[in-house]
Number of protein chains: 2
Amino acid sequence: MSKQPPENTDPRVEALVNQLIGRVADKWTMLVVEEMAHGEELRFTELGRRVSGISQKMLTQTLRQMERDGLVTRTIHPVIPPKVEYSLSKMGKSFHEPASALGTWALDNLERIDQARAKYDTAAN
Amino acid sequence: MSKQPPENTDPRVEALVNQLIGRVADKWTMLVVEEMAHGEELRFTELGRRVSGISQKMLTQTLRQMERDGLVTRTIHPVIPPKVEYSLSKMGKSFHEPASALGTWALDNLERIDQARAKYDTAAN
DNA sequence: CGGCATCCTCCTGGATACTG
DNA sequence: CAGTATCCAGGAGGATGCCG
């Protein structure tokens, strides 16, 4: 499988798209976007508090990637103690739509999925 | 960060939702759903051919998870050589909507993201 | 054909400690 | 406060071989 890269599309574009899907279909990215979608600027620590379960490392990493991809704006206030504020860019906000649609779907179907799993697990043993 | 699990929600539900997001925000799941969305029943190998870059192992794994979650129906035809067909369940189809919305977004913004990255990379060095 | 089992490698990501 | 740096365990996932 995937022995011969399909000739019908430019392999570089293929790779890029593939990688982009990986980035976009990222749990932490989605959760961070969700928290930032309300519009206010958020500080690093506050963001960490809101995204439940995220480690500081992953928060940093996720924010860097999002900044690099142009989803997030990072504003450094040169004061002591340091103050850095994050907010969604225009593109970031546009990303929030499909992302939150997916989140909504997950919530809506949580029950059904849970049941499906239980059924599957008992059936198969 | 994430030292004290927030008390405002049931930690078990929290965990489940978190895990579910992880499942739902999965690259291969999305790509597989995309290929299956056209409605026909698809055989294992054919599916593998369509989802570019997926290994046989990941395809099997993804399909099993999706089946377990009730997104996919697996039909075994007891013939020789073996014939197994996969199709989206009703829930699977409903998942396709937000999933493909995300894919569409990625495609639409591929250019912008690429530019943002280039800009970020040259600026920071 | 449609897998499962095994091995092995690399990357992800948590924990911890330290800085401007 | 907002990170960076380091270490390290565990899981993801490719390659290969075998089977009903």
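Every chain is numbered from 1, with letters handed out A, B, ... down the list of sequences.
- Residue pairs meeting the salt bridge (Lys or Arg N to Asp or Glu O under 4.0 Å) criterion with at least one member in residues 93-114 of chain A, sequence neighbours excluded, do not occur.
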Residues 29-36 of chain B side chain polar contacts: donor-acceptor under 3.5 Å, at least two apart:
residue : atom : partner : partner atom : Å
B:Thr29 : OG1  : B:Asp26 : OD2          : 2.9
B:Glu34 : OE1  : B:His96 : NE2          : 3.3

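- Proximity of a side-chain donor or acceptor of A:Thr122 to a complementary backbone N or O of A:Lys119 within less than 3.5 Å is detected.
- A:Gln61 pairs by the side chain to side chain contact (heavy atoms under 4.5 Å, CB included) definition with A:Lys57, A:Met58, A:Gln65, not counting sequence neighbours.
- Under the rule for a salt bridge (Lys or Arg N to Asp or Glu O under 4.0 Å), A:Glu41 has no partner lying at least two apart in sequence or in another chain.
- Residues that satisfy the side chain to side chain donor-acceptor pair (under 3.5 Å) test with B:Arg43, not counting sequence neighbours, are absent from this structure.
- The interatomic distance linking A:Met58 (CE) with D:dT4 (P) rounds to 14 Å, in whole Å.
- The CD-C1' distance, from A:Gln19 to C:dC11, rounds to 15 Å in whole Å.
- Straight-line distance from the CD atom of A:Gln61 to the C1' atom of C:dG14: 12 Å, rounded to whole Å.
- Helix-axis bend for the helix from C:dC1-D:dG20 to C:dG20-D:dC1: the local axis fitted to the five terminal pairs at one end deviates from that at the other end by 50°, rounded to 10°.
- As a whole-Å value, the separation of A:Ile76 CD1 from D:dA2 C1' is 10 Å.
- B:Gln19 meets the side chain to side chain donor-acceptor pair (under 3.5 Å) test with A:Arg117; sequence neighbours excluded.
- When side chains are defined from C-beta on, A:Leu102 counts as touching B:Phe95, because their heavy atoms get closer than 4.5 Å.
- Here the P atom of nucleotide C:dG14 and the CD1 atom of A:Ile54 are 8 Å apart, to the nearest Å.
- Sorted by residue number, the list of members of residues 20-40 of chain A with any non-hydrogen atom under 4.0 Å from DNA chain D is empty.
- Considering only residues two or more places apart in sequence or on other chains, B:Ser94 meets the side chain to side chain donor-acceptor pair (under 3.5 Å) condition with A:Trp105.
- Between C:dG13 and A:Ser55, no contact under 4.0 Å exists linking OP1 or OP2 to a side-chain N or O.
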Output a table of nitrogen or oxygen pairs between the protein and nucleotides 1-8 of chain C separated by less than 3.5 Å.
residue : atom : partner : partner atom : Å
C:dC1   : O3'  : B:Arg43 : NH2          : 3.0
C:dG2   : OP1  : B:Arg43 : NE           : 2.9
C:dG2   : OP1  : B:Arg43 : NH2          : 3.4
C:dG2   : OP2  : B:Thr45 : N            : 2.9
C:dG2   : OP2  : B:Thr45 : OG1          : 2.4
C:dG3   : OP1  : B:Arg64 : NH2          : 2.7
C:dG3   : OP1  : B:Arg74 : NE           : 3.4
C:dG3   : OP1  : B:Arg74 : NH2          : 2.6
C:dG3   : OP2  : B:Tyr86 : OH           : 2.4
C:dG3   : N7   : B:Gln56 : NE2          : 2.5
C:dC4   : OP1  : B:Arg64 : NE           : 3.3
C:dC4   : OP1  : B:Arg64 : NH2          : 3.4
C:dC4   : N4   : B:Gln56 : OE1          : 3.4
C:dC4   : N4   : B:Gln56 : NE2          : 2.9

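- Identified under the side chain to side chain donor-acceptor pair (under 3.5 Å) test for residues 74-85 of chain B, with sequence neighbours left out: B:Arg74-B:Tyr86.
- Partners of B:Glu40 according to the salt bridge (Lys or Arg N to Asp or Glu O under 4.0 Å) rule, which considers only residues two or more places apart in sequence or in another chain, are B:Arg50.
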